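Report on the structure given below.
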There are 2 protein chains.
Amino acid sequence: MKRTQLTMRDVAKALGLSVSTVSKALSGSYEISAATRSKVLEFAAEKDYVPNPIAKSLKYGESKSIGVVLSTVDNHFYCKVIDGIESVAHQHGYNIIISQSHESYEREVLNVKNLTSRAIDGLLISPSTETVDYDFLKNLQQEGLKVVLFDRITNKMDTHKIASDNFQAAYKATAHFIENGFKRIAHIGGSPNVSITIDRLEGYKKALLDNNRDIDDKYIQYCHHSGKTVEEVEEAIIHLLNLKYPPDAIFTATDRITTKTFFSLKRQKIMIPQQIALMGFTNTQLADVISPSLSRIRQPAFEMGQLAMNKLLELIKRKKVVPDYETIVLNTTLEFYESTEKIVAVHL
Amino acid sequence: MKRTQLTMRDVAKALGLSVSTVSKALSGSYEISAATRSKVLEFAAEKDYVPNPIAKSLKYGESKSIGVVLSTVDNHFYCKVIDGIESVAHQHGYNIIISQSHESYEREVLNVKNLTSRAIDGLLISPSTETVDYDFLKNLQQEGLKVVLFDRITNKMDTHKIASDNFQAAYKATAHFIENGFKRIAHIGGSPNVSITIDRLEGYKKALLDNNRDIDDKYIQYCHHSGKTVEEVEEAIIHLLNLKYPPDAIFTATDRITTKTFFSLKRQKIMIPQQIALMGFTNTQLADVISPSLSRIRQPAFEMGQLAMNKLLELIKRKKVVPDYETIVLNTTLEFYESTEKIVAVHL
DNA sequence: TATTTTTACGAAACCGATGTAATTGAATTA
DNA sequence: TAATTCAATTACATCGGTTTCGTAAAAATA
């Protein structure tokens, strides 16, 4: 910023003191007399002197800011995670820098490089769907960068990880379909690269098995960008609809897949839930004013953000001790509305 | 970041050169022989040397990053604006730092201070609804900070401003109600502090006047936080419903007011559009799968972001010349769906 | 060969802060 | 009065780069 900001030198010159004296006075050092200190403090307050954090960063190698890398902020779930992160960060005097990977590994690496080289004290990251190689992150970690993974976690890295109980949520959602009498329950998952896809798939499968249902791979579809584009979701749905015995229920694994599936079914004039019932992960607020109102799994987004930030702060604060990394699993909330109601045809 | 990163000194020592030579070699100075240069470049590439941008910032007073301050990212419109900003910023090697004011003037000032003191090359800001005093921004501007206002603009500051054609959009939306035979058209606006509220209100009024309708203040309500909370929207709606002659149409002024009004009317079992028609500003994607599908005004969010960033770059690049500030007004798109259909009761 | 020019590199200052070590001046003690 | 102590202040190195200026050696010129 080419700005004419007041520096410590200016303050020193104006008061006829040395920079070191001013520095110490401002930091409240015992070495400085009360008279001088108050003179400096007054002047600084009056002239609105703000120390240059860049210089501080250079000196200390810390920046009081942390980076957040995620696929996109255009997602109510991530927005709430950010709110959670922010609330804790601000409390501790940290600023957050958000960058979006848009599900691109390349962009993600670029963003992370940019952030780290720019001095961040820590990194909160939910990797892109394309990310399979965590070496760049592990390298940075080895160089001393504090990393906490949230939402999309991986066992390829050893660090704090915060995620929802995806297995349980998927299990319960699938079981609910079964209890309500649905027969052919399909699943549209996100990218098989990310753990949440696997966990949710496993929950789905386990629920089927526990209820003596067969697992039929024809009913399992993937969206390799977790529902980033309409096309990939539409493709999965077309595939399902073209089956000899199309599903009578779909369980969708991500926020964007869920809403896009809803769109798509509507566009194809499929009656929900009469022809196909629908339930999925989503934190969208509009889920209960759309018609039919959408049964859904909500993730504790705000809490996830808070926890992730707190865990990161832990890593930042205790500088040397080798931490025992934790993986924290948060409970989700299942809400059942019209889209999963079993409507029994009444013949008059 | 307390990280053990390779510095220029390390490179110099390893190659038996001075730091200045390395610096010049890396920047491709003519002073350095081809042999030395390639030696340095090779070594740097191999060891993955990355110059410390903090040090650069300190030297140059520029940071290649720009701040974005807005009320919240939990809003599809602002998300798209950010995408637009990002697309241009990345093209030019700039990073963006986002912070949210959550409609609080205090938080906004805090964020801006933090950003500016942290060295940003420019600021893109859509002020909070609470913001009436622009002195802090004007002071920063005078100190050399480049500022561009977007979405919520004000004439209290002289700078580049990018906004939608709010007047025209409001005019057309109101006129559409009139053409469709609605009689008592209410308006729920955002905070009277912000220009967009005024412009949209004026458009609404002008459309009424041009069609020989009276302007009745009873039918005009404000949400002082632009629909941040359910309560303030609900309050406005209750007021309208309790009128002796409740409105048969509502025109809402902001994304959040629009969706919350929709919610609220649904909750109160008001039939849309049979009892009350609804149209408003919103960029929400779900607007056409909700029931009834929602007539709406869409703002060119992505373009707004691009333009704002481009204008900011202009300011940053031409360092000295006094710029002639522009206010750019973008056209909106009106889309009409079920929520504004005039349903004529058919008596069998 | 002596002188000038060019080439290639290095020493040191600088950006704005911090903190250690040195220094000043005054008060206290011998 | 001289020596010692101590409080208050300052000089200076440091963080990691960039850049100005100076200079040695090589090349070109006289």
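Everything numeric here is computed off the predicted structure, so don't read it as measured data. Residue numbers begin at 1 in each chain, while the letters A, B, ... track the order of the sequences.
- L58(B) has its CG atom 13 Å from the C1' atom of dA13(C), to the nearest Å.
- Ionic pairing of R152(A) and E103(A) is present here: one or more N-O contacts between side-chain nitrogen and carboxylate oxygen are shorter than 4.0 angstrom.
- The distance between atom NZ of K59(A) and atom C1' of dG16(D), rounded to the nearest whole Å, is 12 Å.
- Remark: side-chain polar atoms of Q100(A) are paired, donor with acceptor, to backbone N or O of V73(A) under 3.5 angstrom.
- Ion pair E326(B)/K161(B) not flagged as a salt bridge, since none of the NZ, NE, NH1 or NH2 atoms sits closer than 4.0 Å to an Asp/Glu carboxylate oxygen.
- Residue contacts for S27(A): at a heavy-atom cut-off of 4.0 Å it reaches no nucleic acid atom on any strand shown.
- The main-chain N or O of R107(B) is found under 3.5 Å from a side-chain atom of S104(B) such that the two form a donor-acceptor pair.
- A salt bridge does not link K13(A) with D10(A): every distance from a Lys NZ or Arg NE/NH1/NH2 to an Asp or Glu carboxylate oxygen is 4.0 Å or more.
- With hydrogens and angles disregarded, a donor-acceptor distance shorter than 3.5 Å links the side chain of K228(B) to the backbone of H102(B).
- The CG-P distance, from N52(A) to dC14(C), rounds to 18 Å in whole Å.
- We find that CG of D10(A) is positioned 11 Å from P of dC15(C), with the value rounded to whole Å.
- Between the two ends of the helix from dT1(C)-dA30(D) to dA30(C)-dT1(D), each summarised by a five-pair axis, the helix axis turns through 80° (rounded to 10 degrees).
- Here S33(B) reaches the OP1 or OP2 of dC9(C): one of its side-chain N or O atoms lies under 4.0 Å away.
- Checking the phosphate oxygens (OP1, OP2) of dC15(C), no side-chain nitrogen or oxygen of S57(B) falls inside 4.0 Å.
- Of the side-chain N and O atoms in Y49(B), one or more sit less than 4.0 angstrom from OP1 or OP2 of dG17(D).
- The distance from atom CG of L17(B) to atom C1' of dA24(D) is 16 Å, rounded to the nearest whole Å.
- The backbone N or O of S29(B) lies less than 3.5 Å from a partner atom in the side chain of R37(B), making a donor-acceptor pair.
- Following rounding to the nearest Å, K64(A) (NZ) and dT18(C) (P) show an atom-to-atom distance of 14 Å.
- Judged by distance alone, with hydrogens and angles left aside, the side-chain atoms of D121(A) form a donor-acceptor pair with the main-chain N or O of K64(A) at under 3.5 Å.
- Between the CD1 atom of I54(B) and the C1' atom of dC14(C) there is a distance of 17 Å, rounded to whole Å.
- Near-neighbour residues of DNA chain C inside residues 18-26 of chain A, defined by a heavy atom below 4.0 Å, number-ordered: S20(A), S23(A), K24(A).
- Where A55(B) and E31(B) each meet DNA chain D at their nearest nucleotide, the meeting point lying more 5' is that of A55(B).
- Checking S23(B) against S20(B) by side-chain atom types alone, no donor-acceptor pair falls below 3.5 Å.
- Mapping R37(B) and K56(A) onto DNA chain C via the closest heavy atom, the residue that lands nearer the 5' end is R37(B).
- The nearest whole Å value for the distance from the CE atom in M8(A) to the P atom in dA11(D) is 15 Å.
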